[in-house]
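Down below is the structure, laid out as structure tokens.
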Amino acid sequence: MLGLVWGLNFSLMKFAAQSGLPFALLAALVILGNLLIFAACCLLVVGRIRVAATSWWFFAGCGLLGYLLPFFMELFAAPRIGAGTLALVVALAPIMTLLAAGATRIEQITWTKALGIGAGFLSVVPLMLQDVSALEDVFGIGLAVGLAVPLVYALYHTLIARFWPPGLESFEVAFGETFAAVVLMVPVYLLWAEPGPPPSFSISLYWIVGALLVFSALEVWLYFRIMRLGGPVYVSQSGYVAVIAGVVWGALFFDERVTAWIAASMALVLLALLLVAPRSRGADSSPDGSDEDSSGEDGAG
């Protein structure tokens with residue numbers, strides 16, 4: 001589900017680009033909308049918004065590693081190495097997450113997990129083999145920045161798994177991270193936004209912004225929920241699913257061709273998920289061994 005929703009965002013962003021809505025304004029609307037959604041979910045589902053002041057560094061790190069740095073690094077790298085090559089580079093994130101989780105002893109590295117990560121990475125390769133020319137002339141500063149993106153994501157996964165604030169539910173952590181991202185991104189938006197009146201909203205813009213709001217909020221909540229149930233290595237596999245799902249959504253919405261390479265990629269992704277799926281603890285346990293279902297929103301799930 002997380003990979004399908006994440007992959008859908010690629011097509012929604014393409015719809016947004018075709019509508020003429022400035023990207024900076026779209027990013028601001030989505031992140032502010034997500035903040036309101038998570039605030040409402042905290043109050044309605046959890047019954048509180050409890051973001052401890054002592055956890056400010058955790059949420060600042062989440063906003064920096066999960067929003068700000070990947071946003072600008074991908075924006076810098078994509079036009080220099082191509083979107084397809086960037087997707088392959090970002091697919092290194094689960095491998096780096098496995099290494100980071102093992103180094104910090106959050107998870108034990110096993111041969112089964114290593115094989116699962118390898119199968120997931122191989123699932124992206126068939127997509128690149130459809131157009132080998134995309135790999136030409138990619139070496140340079142763009143590739144260096146692109147290679148840093150999966151490292152940032154690996155640090156992000158590890159930070160959340162290692163330092164999750166005790167007692168906070170998934171919706172509360174999602175709210176705290178989004179609030180930190182708003183604080184970090186608003187100054188960037190003010191510097192980036194073009195002067196002049198905002199574009200007039202049409203019906204098409206309403207549904208695009210609305211869809212991005214709903215699905216991006218669902219994506220964030222699913223990420224945190226799966227992180228607590230399966231750990232950083234398992235949740236990082238959603239990146240593989242998202243790459244494949246993005247191609248399939250594109251075929252549905254924009255008549256992009258689905259080939260045998262894509263079918264092979266899907267099969268490898270399923271194999272990877274089966275290999276990396278957590279087996280050493282119950283489905284209701286969090287990575288640190290605590291039982292998250294003891295209270296609040298996660299207990300209702």
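Nothing fancy with the numbering, it's 1 onward along the sequence. Just so it is clear, the values below take in all heavy atoms, side chains as well, and ignore hydrogens, waters and symmetry mates.
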Going by atom type alone, with no hydrogens or angles, which donor-acceptor pairs under 3.5 Å involve a side-chain atom of residues 177-185 and a protein atom two or more places apart or on another chain?
{"residue": "Glu177", "atom": "OE2", "partner": "Tyr156", "partner atom": "OH", "Å": "2.4"}
{"residue": "Thr178", "atom": "OG1", "partner": "Ala174", "partner atom": "O", "Å": "2.7"}

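Hydrophobic clustering of Ile, Leu, Val, Met, Phe, Trp and Tyr side chains at less than 4.5 Å, counting indirect connections, unites Trp207 with Val209. One hydrophobic cluster, built from ILVMFWY side chains closer than 4.5 Å, holds both Leu64 and Trp56. Both Trp249 and Met1 are assigned to one and the same hydrophobic cluster, defined by single-linkage of ILVMFWY side chains at heavy-atom distances under 4.5 Å.
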**Derivation and outcome, side-chain contact (heavy atoms from CB on, under 4.5 Å), residues Phe224 and Cys62** = CA-CA 12 Å; Phe224 285 124; Cys62 289; 5.6 Å; no
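Residue Leu36 holds its CG atom at 11.5 Å from CD1 of Ile31, rounded to the nearest 0.5 Å. Here the CD1 atom belonging to Ile37 is positioned 11.0 Å from the CG atom belonging to Leu32, to the nearest 0.5 angstrom. Atom CD of Glu219 sits about 9.0 Å away from atom CG of Asn34, to the nearest 0.5 Å. Rounded to the nearest 0.5 angstrom, Glu172 CD and Cys41 SG are separated by 11.5 Å.
Side-chain contact between Cys42 and Arg48 is absent, with no heavy-atom pair separated by less than 4.5 Å. Residues Leu218 and Leu222 are in side-chain contact: their nearest non-hydrogen atoms beyond the backbone lie under 4.5 Å apart. Side-chain contact between Val152 and Pro70 is present, with at least one heavy-atom pair separated by less than 4.5 Å. In this structure, the side chains of Phe59 and Pro165 come closer than 4.5 Å at one or more pairs of heavy atoms.
Between the side chain of Trp221 and the main chain of Ser216, no donor-acceptor pair closer than 3.5 Å is present.
Closest non-hydrogen pair, Gly61 versus Leu159, comes out as C-CD2, 3.7 Å. Across all non-hydrogen atoms, the minimal contact from Ile160 to Phe58 is CA-CE1, 3.8 Å. Considering all non-hydrogen atoms of both residues, Val233 and Ser236 come closest at O-OG, 2.6 Å. Here the shortest heavy-atom pairing between Leu29 and Leu213 reads O-CD2, 3.8 Å.
With Phe215 as reference, Val5 is the one residue of Val5, Val220, Val30 to meet the side-chain contact (heavy atoms from CB on, under 4.5 Å) rule.
In this structure Ala39 satisfies the side-chain contact (heavy atoms from CB on, under 4.5 Å) test together with Ile49, Phe175, sequence neighbours excluded.
A tilted orientation is assigned to the rings of Phe171 and Phe38, their planes being inclined by 30° to 60°.
The stretch residues 57-71 participates, sequence neighbours left out, in no side chain to side chain donor-acceptor pair (under 3.5 Å) pair at all.
Separation of the His157 and Tyr223 ring centroids falls under the 6.0 Å cut-off.
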